[in-house]
Amino acid sequence: RNDIFSLYYLKIMRLFEKYEVHDCVITIAETAIGTADKDSQLAMFQSIIFNNHMQLKHYEEAYYSLMNNVESSRRKDCLRQLVIALFQEKRFDILINFNYNTLEEDLEDIVQTRARSMQIEDNEHYNFLYSYHVRNANMTRAAIVMYEKSLRLLYEGSSIESLQQRHNSLLACYNSLSMVNAD
């Protein structure tokens with residue numbers, strides 16, 4: 001019986017999504033969560049809520065819905081979507097202030113993978129990772145990030161700007177290492 005309700009809610013949500021009435025989709029999905037009897041259905045409705053918050057650019061609500069998702073693989077997928085969207089919007093202030101708890105390693109992996117896959121010129125991912133590690137007082141990791149950025153600038157950069165960026169990256173690396181215990 002609950003499967004029939006879930007299918008009914010999904011059909012209604014598809015209609016509202018078709019006409020881009022994302023607020024209604026969120027409301028219906030929240031109602032549908034009450035009828036979901038399996039974790040897979042619950043995770044599906046939670047993902048629908050996340051996706052519609054993303055469509056509305058309600059990033060904080062999207063973050064809370066992904067953190068509450070019962071399926072770890074969906075949490076990670078949603079986190080990737082959130083990171084990509086916030087980088088595109090250049091909303092680093094929002095991204096850095098979230099508390100990632102168990103997803104902290106996933107966040108680092110996502111940003112690091114994107115940093116390595118993009119050209120080094122105008123690559124903001126390294127600077128974000130550096131800021132993130134400094135904010136969390138992990139100066140060793142902050143130094144590693146800046147050192148990697150400087151190496152990439154050495155091999156891939158060819159302009160005066162890239163030389164200046166490499167210099168700044170090495171200075172940031174040195175500053176970070178100066179705050180680490182000598183052991």
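Both backbone and side-chain heavy atoms feed into the values below; hydrogens, waters and symmetry mates do not.
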Throw together a table of side-chain donor-acceptor distances under 3.5 angstrom for residues 24-31, partners on residues two or more places apart or in other chains.
residue, atom, partner, partner atom, Å
Thr27, OG1, Asp23, O, 3.1
Thr31, OG1, Thr27, O, 3.0

Between Ile144 and Phe128, is there shared hydrophobic-cluster membership here, with clusters defined by ILVMFWY side-chain heavy atoms closer than 4.5 Å? no

Any chance you could lay out the side chain to side chain donor-acceptor pair (under 3.5 Å) test for Arg135 and Asn97, step after step, and finish with the verdict? CA-CA 9 Å; Arg135 187 172 193 275; Asn97 285 317; 2.9 Å; yes

Looking only at side-chain N and O atoms, does Asn127 offer a donor or acceptor that is under 3.5 Å from a partner on Lys149? yes

Got a second to check how far Ile4's CD1 is from Thr35's OG1, nearest 0.5 Å? 11.5 Å

Looking at His133, is its backbone amide N or carbonyl O close enough to the side chain of Asn138 to form a donor-acceptor pair, meaning the two atoms are under 3.5 Å apart? no

Below 4.5 Å, heavy atoms only, C-beta onward: do Asn123 and Arg152 meet side chain to side chain? yes

Is the closest side-chain heavy-atom distance between Glu108 and Gln112 below 4.5 Å? no

Exactly one of Glu20, His22, Glu61 should register a side chain to side chain donor-acceptor pair (under 3.5 Å) with Asn52. Which one does? His22

Arg75 versus Ser72: any side-chain heavy-atom pair under 4.5 Å? yes

Would you mind reporting whether Arg80 and Val83 have side-chain heavy atoms less than 4.5 Å apart? no

Side chain to side chain, Glu121 and Ser159, heavy atoms closer than 4.5 Å: yes

Are Met67 and Ile49 connected in the hydrophobic side-chain network, where two residues link if heavy atoms are under 4.5 Å apart? no

Please answer: with hydrophobic residues joined when any side-chain heavy atoms are less than 4.5 Å apart, are Ile110 and Ile96 in the same cluster? yes

Where the side chain of Arg91 meets the backbone of Leu86, is there a donor-acceptor pair that is under 3.5 Å apart? no

SB check Arg74 Asp77 (cutoff 4.0 Å): no

Flag the pair Asp3 / Gln41 as yes when at least one side-chain heavy-atom distance between them is below 4.5 Å, and no otherwise. yes

Reference residue Phe92; test ring-ring contact (aromatic ring centres under 6.0 Å, His included); the match among Tyr59, Phe87, Phe98, Tyr130: Phe87

Can you get from Tyr174 to Met179 by hopping between Ile, Leu, Val, Met, Phe, Trp and Tyr side chains that sit under 4.5 Å apart? no

Here the pair of heavy atoms bringing Leu79 nearest to Leu107 is CD2-N, 3.8 Å

Crowded around Leu7 CG? As in, over 12 foreign heavy atoms under 6.0 Å? yes

What's the separation between atom NE2 in His58 and atom OG in Ser65, rounded to the nearest 0.5 Å? 11.5 Å

Output the distance between atom CG (Asp109) and atom CZ (Arg114), rounded to the nearest 0.5 Å. 14.0 Å

Decide yes or no for Glu104 and Asn136: does some side-chain heavy atom of the first lie under 4.5 Å from some side-chain heavy atom of the second? yes

Let me confirm one number: the OH-NE2 distance from Tyr132 to His125, rounded to the nearest 0.5 Å. 15.0 Å

Establish whether Val134 and Leu171 are linked, either directly or via other cluster members, by ILVMFWY side-chain heavy-atom contacts under 4.5 Å. no

Evaluate side chain to side chain contact (heavy atoms under 4.5 Å, CB included) for Met13 paired with Leu10, printing each intermediate quantity in order. CA-CA 5 Å; Met13 284 185 277; Leu10 282 171; 3.9 Å; yes

Mark yes when over 12 heavy atoms from residues, nucleotides or ligands other than Glu156 sit less than 6.0 Å from its CD; otherwise mark no. yes

What closest approach, in Å, do Ile120 and Gly157 show between heavy atoms, and which atom pair accounts for it? CG2-N, 4.5 Å

Ile48 CD1 to Tyr9 OH distance, which is reported to the nearest 0.5 Å: 13.0 Å

What distance separates Leu95 CG from Ile84 CD1, expressed to the nearest 0.5 Å? 11.5 Å

State, with a plain yes or no, whether a side-chain heavy atom of Tyr64 is found less than 4.5 Å away from one of His53. no

Scan residues 164-173 for pairs that pass side-chain hydrogen bond (donor to acceptor under 3.5 Å, both in side chains), counting only residues two or more places apart or in two chains. Gln164-Asn168

Would you say Gln46's side chain and Val70's backbone share a donor-acceptor pair under 3.5 angstrom? yes

Answer yes or no: is there a donor N or O on one side and an acceptor on the other, between the side chain of Tyr63 and the main chain of Asn99, under 3.5 Å? yes

Heavy atoms only: give me the nearest Tyr147-Cys173 pair and the separation to one decimal. CB-SG, 4.0 Å

